[in-house]
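Notes follow once the structure below has been shown.
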Amino acid sequence: MKTYKFLTTIAAAALLVSACGVGGDSGGGGADEKALTWASTGGQFQEDEKNALQVPFTTKTGTKFTNISPAEQAQVRTMVKSGKTIWDLANMSWIYAGAYCGELFEKLDNPALDRSKFPPGTTGDCFVPTYRYANIFSYNADLYPDDKPTKIDDFFDTKKFPGKRVVYDYPKAGLFEAALVADGVAPDKVYPLDLDRAFKKIDTIKDSLVFAPSYGAIQQMMVDKQASMVLTVTARTIVSAQSGANLVPVWDFNTTDIGALVIPKGAPHKELAQEMLAFVTEPEQSIAYAKLTGTAPSRPEIDLNSVGYTDEQKKYNAFLPDRGRTLEQDKQWWIDNTDALVKRWTSWKVG
């Protein structure tokens with residue numbers, strides 16, 4: 001059983017106050033009304049969830065939503081262990097749902113959540129994808145007026161392409177897979193990750209790496225030209241570009257991943273929450289959410305041309321044709337190895 005000791009346990013009382021909805025908005029709801037409590041990231045992305053996913057479900061079923069943020073694993077643990085689960089759905093990493101499936105998160109058993117509807121390797125007993133995204137390598141064109149990066153190897157070539165490289169301060173952000181491919185490993189041979197080889201490759205650019213504590217920090221660094229290259233998620237790349245960063249994507253190799261809504265163990269309205277999950281993954285809602293966020297729908301039969309992406313969203317969409325090599329991050333490998341890798345990553349950064 002995974003321990004995930006890097007997840008700090010916060011005082012139970014404070015967490016339960018937060019879980020009850022401090023900082024959130026309530027859709028009301030008496031005892032006879034359908035209601036779901038939805039925990040997410042806050043900010044624009046939670047607004048997009050409301051507009052693209054919740055409002056149509058309310059129109060269809062009458063369900064009222066209470067929205068709160070942030071959605072953190074420590075809060076789920078506290079609620080479940082105390083027997084006072086309040087959240088019905090949470091937007092958080094599938095790693096937690098995979099590591100604690102059946103213990104802290106509910107197994108999904110609604111027939112409408114047919115795993116065959118989703119791309120291979122993107123589902124688990126406690127999660128299905130609600131959208132897809134990529135970890136994109138891009139560079140600031142203002143800082144490379146002459147030679148331009150054209151392949152993932154260039155991210156690791158500080159002689160030909162000097163400058164800081166910013167990455168999210170978390171191992172599962174695409175850097176390890178990129179390091180191995182840049183070191184000559186074929187994408188279909190990347191997993192299981194050869195961590196010794198990956199760290200050795202990353203060591204070659206360690207002095208040029210900036211470890212960002214948040215996606216907002218990545219955005220600010222790129223806009224302010226504090227870094228010349230970036231490896232970050234689809235939506236944040238788009239927002240950075242919209243904020244003024246002159247980013248050019250490099251379509252050679254990128255990893256892909258999923259976003260997921262999960263159901264904490266003991267959720268008050270588990271069956272309704274599963275109905276909501278099935279609704280979220282239907283084409284109409286998937287398309288509406290993808291249009292707002294620039295991400296990709298979770299189901300492969302949806303034609304991306306039907307989404308109505310803006311030109312800027314298309315520019316950074318790794319799922320469109322002719323976008324180079326992509327590799328879906330191996331869900332089970334990350335579920336099994338994240339705890340140990342985070343410890344090694346933390347030690348390596350200060351070593």
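If you're wondering where the values come from, they're calculated on a predicted model, not measured in any experiment. As a basis for the values below, the full set of heavy atoms in this structure was taken, side chains included, without hydrogen atoms, waters or symmetry mates.
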Could you check if a side-chain atom of [X] sits within less than 4.5 angstrom of a side-chain atom of [Y], using non-hydrogen atoms only?
X: V223; Y: S243; answer: yes
X: T130; Y: L277; answer: yes
X: L36; Y: M276; answer: yes

Any idea which heavy atoms bring [X] and [Y] closest together, and the distance?
X: P149; Y: D154; answer: CA-OD2, 3.3 Å
X: P264; Y: T85; answer: CB-CG2, 3.9 Å
X: V250; Y: K151; answer: CG1-N, 3.5 Å
X: T41; Y: S69; answer: C-CB, 4.0 Å
X: A278; Y: A112; answer: CB-CB, 3.7 Å
X: T281; Y: P129; answer: CG2-O, 3.5 Å

So, taking the atom named [atom1] in [X] and the one named [atom2] in [Y], what distance separates them when rounded to the nearest 0.5 Å?
X: L231; Y: I136; atom1: CG; atom2: CD1; result: 9.0 Å
X: W345; Y: T338; atom1: CH2; atom2: OG1; result: 13.0 Å
X: Y215; Y: Y168; atom1: OH; atom2: OH; result: 5.5 Å
X: F137; Y: N254; atom1: CZ; atom2: CG; result: 9.0 Å
X: L320; Y: K314; atom1: CG; atom2: NZ; result: 8.0 Å
X: S298; Y: Q285; atom1: OG; atom2: CD; result: 11.0 Å

Check: N140 and N246: side-chain hydrogen bond (donor to acceptor under 3.5 Å, both in side chains), yes or no, with the steps?
Finding: CA-CA 5 Å; N140 191 318; N246 187 11; 5.0 Å; no

Next item on the list: Start with the C-alpha distance between V76 and Y96, add both sets of side-chain angles, then the distance that settles side-chain contact (heavy atoms from CB on, under 4.5 Å), and finish with yes or no.
Entry: CA-CA 10 Å; V76 173; Y96 305 133; over 6 Å; no

Note to self: Which residue is it: T256, T122, T255? I am looking for the one with a side-chain hydrogen bond (donor to acceptor under 3.5 Å, both in side chains) to E328.
What the structure shows: T256

Checklist line | Y289 and Y131 aromatic ring geometry - parallel, tilted or perpendicular at 30°/60° bounds | finding: tilted

Looking at [Y] and [X], is any side-chain nitrogen of the basic one under 4.0 Å from a carboxylate oxygen of the acidic one?
X: E103; Y: K81; answer: yes
X: E312; Y: K315; answer: no
X: D203; Y: K200; answer: no
X: R132; Y: D257; answer: no
X: D194; Y: K201; answer: no
X: D183; Y: R197; answer: yes
X: R344; Y: D196; answer: yes
X: K270; Y: E106; answer: yes
X: E301; Y: K117; answer: no

Heavy-atom neighbours of [X] [atom1] exceed 12 at 6.0 Å:
X: D207; atom1: CG; result: no
X: E284; atom1: CD; result: no
X: K189; atom1: NZ; result: no

Check: How would you list all residue pairs meeting disulfide bond (SG atoms under 2.5 Å apart) that involve residues 96-214, not counting sequence neighbours?
Finding: C101-C126

Next item on the list: Could you please spell out the steps behind the side-chain hydrogen bond (donor to acceptor under 3.5 Å, both in side chains) verdict for N91 and Q46?
Entry: CA-CA 9 Å; N91 180 352; Q46 194 158 7; over 6 Å; no

Margin query: Looking at K343, is its backbone amide N or carbonyl O close enough to the side chain of S347 to form a donor-acceptor pair, meaning the two atoms are under 3.5 Å apart?
Written below: no

Item checked: Distance under 6.0 Å and angle within 45° of ring axis: K349 vs F211 -> yes

[X] and [Y]: side chain donor to acceptor below 3.5 Å:
X: E47; Y: N51; result: no
X: E49; Y: S40; result: yes
X: Q274; Y: D109; result: yes

Next item on the list: Would you please indicate if the ring centroids of F105 and Y100 are separated by under 6.0 Å?
Entry: no

Notebook entry, point to check: How far apart are the C-alpha atoms of K172 and Q329, what are their side-chain angles, what is the distance that settles it, and do they pass the side-chain hydrogen bond (donor to acceptor under 3.5 Å, both in side chains) test?
Noted result: CA-CA 9 Å; K172 199 190 70 62; Q329 292 188 303; 3.3 Å; yes

Item checked: For F176, the option from Y191, Y170, W348, F199 that meets ring pair (Phe, Tyr, Trp, His ring centres under 6.0 Å) -> F199

Item checked: Working for side-chain hydrogen bond (donor to acceptor under 3.5 Å, both in side chains), residues Q313 and N317 -> CA-CA 6 Å; Q313 289 174 330; N317 193 316; over 6 Å; no

